[in-house]
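First the structure, in the form of C-alpha cells, and then the observations on it.
Order of the sequence lines sets the chain letters (A, B, ...), proteins ahead of strands, with each chain counted from 1.
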Number of protein chains: 2
Amino acid sequence: MAASTLTEVARLAGVSPATASRVLNGSARIPGKDIADRVRQAAESLGYIPNAQAQGLAKSSSGLIGLIVHDIADPYFAAIARGVQEAAREQHKMVLLATTVGAPDSEKEAVAAFAARRADSIVIAGSRTSRAEDLEGNTELAAELDRYCRNGGHVSVIGHGIVGAAAADGYHVVNVPNEELAAHLATELATSREEDFVIVGGPEGLFTSDDRIRGFQRGLASAGLPAADVIRTDFTRAGGFEAGLALAARITASQPGTETKRLCIFAVNDVMAIGAAAALRSQGLRIPRDAAVAGFDDIETLRDFRPALSTVHLPLEEIGRQAASRAAGPSADDAGSPPITGQVILRRSTEVAHPTSAESVA
Amino acid sequence: MAASTLTEVARLAGVSPATASRVLNGSARIPGKDIADRVRQAAESLGYIPNAQAQGLAKSSSGLIGLIVHDIADPYFAAIARGVQEAAREQHKMVLLATTVGAPDSEKEAVAAFAARRADSIVIAGSRTSRAEDLEGNTELAAELDRYCRNGGHVSVIGHGIVGAAAADGYHVVNVPNEELAAHLATELATSREEDFVIVGGPEGLFTSDDRIRGFQRGLASAGLPAADVIRTDFTRAGGFEAGLALAARITASQPGTETKRLCIFAVNDVMAIGAAAALRSQGLRIPRDAAVAGFDDIETLRDFRPALSTVHLPLEEIGRQAASRAAGPSADDAGSPPITGQVILRRSTEVAHPTSAESVA
DNA sequence: CTGAATTGGGAAAGCGCATTCCCACTGCGT
DNA sequence: ACGCAGTGGGAATGCGCTTTCCCAATTCAG
C-alpha cells in the first residue's frame with residue numbers, strides 16, 4: 001500500500017482534487033465549511049501525508065534550507081547549526097545538511113546538490129579562504145552560487161563573503177566583527193602587563209584567522225606594544241596542540257632565572273586554544289602561571305574547560321539564526337536583525353600571576 | 001532565467017528528452033557514444049542541474065535520509081550526526097535534520113515531515129522513554145513510523161526500539177549494550193575498593209538511563225557489593241550539576257574525621273558526569289581525592305576535561321554510520337555490520353587516592 | 001538473400017500536486 | 001422579472017523527469 005494521494009482523499013470525500021488541494025493547504029480560496037470538513041476527515045482517515053516533492057515541483061519551492069559546515073561535530077558549527085535549525089523551525093522549513101572539510105570544491109558540490117533539491121536558501125558557515133590553491137575552487141563555487149541566486153535562490157554566508165562572488169541580490173553576508181573584537185581583546189590583555197604576546201593562527205589566507213590576527217596586532221599596536229610573533233598552523237585542535245608544544249619548549253628554555261616576561265598566547269579560535277593549553281599542560285606547564293592563553297568564539301565546550309579560558313564571546317546560535325532568516329525573509333527590513341556583536345571575556349587563563357611570594361613581598 | 005531543464009538540454013543536443021535522461025542519469029540503456037557526448041556537452045554548456053524533486057517524484061525516492069536528534073549541539077548527538085553524514089555521503093544521499101527536544105510528539109511530526117519528503121530512510125537517535133506521560137506520544141510515533149515503513153520507508157533507531165512499534169520490516173534497531181557495559185564498569189570500579197557508590201540517573205522511564213542503572217547495580221551485586229543509591233534528575237548537564245550539589249553537601253557533611261568511605265559517583269552519561277564534577281568543584285571538593293566520578297559515552301568533549309573522566313567508550317560515529325547504512329542497504333547481509341561494542345575506560349577521576357601521607361606510611 | 005532477432009532512439013503516459021480557467025449557481029439591484 | 005456581479009466547485013494543464021512501449025534501422029543465421 002503506497003502512501004495515499006490527494007486524489008484518493010478527494011475521491012473519498014466526493015470532491016475534486018482541486019477542492020481537496022484547496023482545503024488541505026492554505027490556498028487563497030477556502031471552500032465551504034461543510035465540504036472542507038469532509039475533506040479533512042477523509043484525509044485524516046486515510047492518513048494522508050502530502051507529497052512534498054510533488055508540491056515542490058508544482059510550486060517550485062521546497063521548504064528546504066541548506067546548511068554547509070566543515071564538520072557538524074565541531075562545537076562551533078554545532079552551535080551555528082542549532083541556530084539555523086531554530087530559524088528553520090520557525091519558518092516551517094527543514095534543514096538539509098552538508099559537511100565539507102572546508103574544501104571549496106566540495107562546497108561547490110554541496111551547493112549544486114542544494115540547487116538540485118531546489119532549496120529555498122543556503123547558509124554557508126566556515127571560514128572563507130583566499131589561498132592560491134583554492135582560487136580555482138573558489139571561482140567555481142562563486143559561479144555555482146551565482147547561478148543558484150539567479151535562479152531565485154538565497155544565500156547567506158557567515159563571516160566573510162565568498163571570494164569572487166558577485167553581489168547578486170539574494171546574496172547576504174552575516175558580518176562578524178572579527179578584527180574589531182580581536183583588537184579589543186588585545187587591548188584588554190595589554191592593560192598593565194608585561195608579557196610577550198604570541199599569536200597562534202590558522203594557515204595564511206583563512207579570512208577568519210587573518211582578520212583576528214590583524215585585529216589583535218592592531219590592538220597591541222594601539223597599546224604601544226610591539227607586534228606579536230605569529231605561528232601558523234592548522235585551524236584545529238591538533239594545530240593548536242602542535243603550536244603549544246613549540247611554545248612550551250620556548251618557555252621552558254627561557255625559564256632558568258632569566259627575567260623573561262610571561263608568554264601570553266592568543267589562539268585565533270577556541271579549539272586551537274584548547275589544543276595549545278593541552279600541549280602546555282602535557283609539558284608540565286601551568287596556566288596562567290607559566291603562560292596566559294586566550295581563544296576566540298566562546299564555544300560551549302569552554303564552560304567546563306579548566307583553567308577557564310579567556311576568549312571573545314560570539315553569539316553563535318544567533319549568528320546561525322540570523323543567517324537562516326536573513327536568507328529566508330522576503331528581504332524583510334533588510335536591517336531587521338541587529339548586527340552581530342561580540343564581547344571580550346577575561347577568565348582565569350589570562351589572570352596575572354598570583355601576587356604570592358616574591359612579588360607580594362617586594 | 002530559471003534553471004534549465006532536461007528538455008532544453010535535449011533540444012540543444014537534438015535528441016529526445018528520453019535520450020537525454022538516459023545519458024545524464026545511470027539508466028539501464030546507455031545511448032550511443034556519439035550521441036551521449038552531444039548530450040553531455042549540451043548539459044555542460046547549459047549548466048544543467050537535474051531537478052531532484054522531479055526525479056524523486058518520477059522514481060518515488062528522494063536520496064534523502066532523515067535524522068532525528070534531541071539537540072544537534074550536544075556532543076553526543078553531534079558525533080552520531082557525523083557518522084550518519086558520512087554514511088550518507090557514501091550513499092550519495094543528503095541528510096535532512098530534525099531536532100526535537102526528546103518529545104515524542106515532536107518526533108512524530110518530524111517523521112511525518114520526512115515521510116512527506118519521501119526520505120529513503122530515517123535514523124532516530126536519543127533515548128526512548130516508557131514514561132506514562134509519553135505513552136500517547138509514543139503510540140502516535142509508533143503509528144507514524146509504522147505507516148512510513150509500510151510505504152516502503154526504512155527506519156533505524158539507536159539504542160532501543162520505539163515503545164509499541166510493530167516489528168515491521170524496514171525497521172531496525174542498532175543495539176547498544178548499555179546494561180552489559182555499565183555492569184562491566186561497575187565491576188571494574190568495585191575492584192579492590194572500599195567506596196560508597198551512588199548513581200546519578202535520568203528520569204525514570206528513560207531506557208538508556210534505566211539500562212545503565214540496572215547494569216551498574218548488577219555489576220555491583222556480582223562484586224558482592226550492596227546496591228547503590230540512585231538520584232533521579234534531568235538527563236542533562238544541569239541535572240548532573242544539581243545532583244552533584246546534593247552529593248557535595250553529603251560529602252562535606254560526613255567529612256569530619258569520621259571514617260567514611262569515599263564516594264564513587266556514576267553518572268549515566270558524560271554530560272551529567274561533567275555537570276556533577278563541576279558541582280563538586282564549585283563546592284571546593286576535588287576529584288578524585290574527595291570523590292570519584294565516572295560517566296558514560298566518552299564524548300569528544302571529555303578529551304580536554306580535567307580531571308580525566310572514567311567512562312565507557314561508545315563508538316558514537318560508528319553507531320551513526322551503522323544506523324544510516326543499515327537502513328539504507330537492501331538489507332545487505334543483515335549481519336553485515338558487526339554489533340556495537342563499547343569499552344570501559346578508567347581514567348584519573350576514579351583513581352584511588354594517592355598513597356601519600358597517612359596511607360603510604362601505615 | 002530473406003526473415004527473425006537485436007539494437008537504438010522517440011513518443012507518450014504518468015508521478016502527485018497547484019493553479020488557471022471555466023461553468024453553474026446564487027443573491028442582489030433597478 | 002431580468003441581468004449582473006459574486007461565489008463555489010470542477011476540468012484541465014503543467015511542473016521536470018523517468019520509464020514503458022513502440023517503431024525503424026541494423027545485424028545475423030539459415
Side-chain angles (χ1 to χ4, degrees), chain A residues 1-40 42-43 46-64 112 115-120 151-152, chain B residues 1-40 42-43 46-64 112 115-120 151-152:
Chain A
M1 157 199 173
S4 47
T5 75
L6 221 209
T7 310
E8 290 173 23
V9 172
R11 195 178 323 156
L12 201 164
V15 300
S16 78
T19 304
S21 170
R22 286 195 264 256
V23 21
L24 293 179
N25 314 34
S27 169
R29 290 178 47 179
I30 315 140
K33 181 91 175 64
D34 50 345
I35 217 167
D37 283 348
R38 269 225 313 282
V39 172
R40 250 185 288 272
L46 250 46
Y48 170 69
I49 294 182
N51 184 327
Q53 309 229 55
Q55 286 187 160
L57 183 55
K59 355 185 234 202
S60 68
S61 105
S62 59
L64 255 29
R117 302 228 145 60
R118 297 301 184 263
D120 297 332
N151 290 342
Chain B
M1 156 203 174
S4 47
T5 74
L6 220 210
T7 311
E8 291 173 24
V9 173
R11 194 177 324 155
L12 201 164
V15 301
S16 77
T19 305
S21 170
R22 287 195 264 257
V23 21
L24 292 180
N25 313 32
S27 169
R29 291 179 45 179
I30 315 141
K33 182 92 175 62
D34 50 345
I35 218 167
D37 283 347
R38 269 224 313 281
V39 172
R40 250 185 287 273
L46 249 45
Y48 170 70
I49 293 182
N51 184 326
Q53 310 229 53
Q55 285 189 157
L57 183 55
K59 10 184 220 199
S60 68
S61 104
S62 59
L64 254 29
R117 301 225 146 62
R118 297 300 184 264
D120 297 333
N151 289 343

Quick one: is [N] close enough that its OP1 or OP2 comes under 4.0 Å of any side-chain N or O from [X]?
{"X": "A:S16", "N": "D:dG10", "answer": "yes"}
{"X": "B:N25", "N": "D:dT18", "answer": "yes"}
{"X": "A:Q55", "N": "C:dC17", "answer": "no"}
{"X": "A:T19", "N": "D:dG10", "answer": "yes"}

Could you state the [atom1]-[atom2] distance from [X] to [N], rounded to the nearest angstrom?
{"X": "A:R11", "N": "C:dG16", "atom1": "CZ", "atom2": "C1'", "value": "13 Å"}
{"X": "A:Q53", "N": "D:dT18", "atom1": "CD", "atom2": "C1'", "value": "13 Å"}
{"X": "A:N151", "N": "D:dG16", "atom1": "CG", "atom2": "C1'", "value": "14 Å"}
{"X": "A:L24", "N": "C:dC17", "atom1": "CG", "atom2": "C1'", "value": "11 Å"}
{"X": "B:R38", "N": "C:dG8", "atom1": "CZ", "atom2": "P", "value": "15 Å"}
{"X": "B:K33", "N": "C:dT7", "atom1": "NZ", "atom2": "P", "value": "20 Å"}
{"X": "B:L46", "N": "D:dG16", "atom1": "CG", "atom2": "C1'", "value": "14 Å"}
{"X": "A:I49", "N": "C:dC17", "atom1": "CD1", "atom2": "P", "value": "11 Å"}

For the helix from C:dC1-D:dG30 to C:dT30-D:dA1, what angle separates the axis at the start from the axis at the finish, each from five pairs, in steps of 10°?
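For the helix from C:dC1-D:dG30 to C:dT30-D:dA1, the axes at opposite ends meet at about 50°.
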Is the shortest side-chain heavy-atom distance between A:V39 and A:L24 below 4.5 Å?
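Sidechains of A:L24 and A:V39: in contact.
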Ignoring hydrogens, what is the shortest heavy-atom contact between [X] and [Y]? Give both atom names and the distance.
{"X": "B:A42", "Y": "B:V9", "answer": "CB-O, 3.8 Å"}
{"X": "B:P17", "Y": "B:T7", "answer": "CG-CG2, 4.5 Å"}
{"X": "B:D120", "Y": "B:G63", "answer": "OD2-N, 2.9 Å"}

5'-most by nearest nucleotide on DNA chain C - B:A20 or B:R118:
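On the 5' side of the pair lies B:A20.
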Map B:K59 and B:P17 onto DNA chain C by nearest heavy atom, then report which one ends up closer to the 5' terminus.
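Nearest nucleotide further toward 5': that of B:P17.
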Looking across every strand, which nucleic acid part, if any, lies under 4.0 Å from [X] by heavy atom: base, sugar-phosphate, or nothing?
{"X": "A:L57", "value": "base"}
{"X": "A:S21", "value": "base"}
{"X": "B:P50", "value": "sugar-phosphate"}
{"X": "A:T5", "value": "sugar-phosphate"}

Summarise how protein sits on nucleotides 20-26 of chain C as a single string, 5' to 3': B when a protein heavy atom is under 4.0 Å from the base, S for sugar-phosphate-only contact, - for no contact.
BB-----
Can you tell me if A:R117 uses its side chain to pair, donor with acceptor, with the backbone of A:S62 under 3.5 Å?
no
Regarding the side chain of A:L6, the nearest nucleotide among C:dC17, C:dC15, C:dT19 is C:dC17
Could you name each residue pair satisfying side-chain hydrogen bond (donor to acceptor under 3.5 Å, both in side chains) that touches residues 11-24 of chain B, not counting sequence neighbours?
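Counting only pairs at least two positions apart or across chains, the side-chain hydrogen bond (donor to acceptor under 3.5 Å, both in side chains) contacts touching residues 11-24 of chain B are B:S16-B:T19.
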Would you call B:R38 and B:D34 a salt bridge, taking side-chain N to carboxylate O under 4.0 Å as the test?
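Result for this pair is no, no salt bridge flagged.
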Less than 3.5 Å apart, which donor and acceptor atoms pair up between the side chains of residues 48-60 of chain A and the rest of the protein, not counting sequence neighbours?
residue	atom	partner	partner atom	Å
A:N51	OD1	A:Q53	N	2.8
A:N51	OD1	A:A54	N	3.1
A:Q55	OE1	A:N25	ND2	2.9

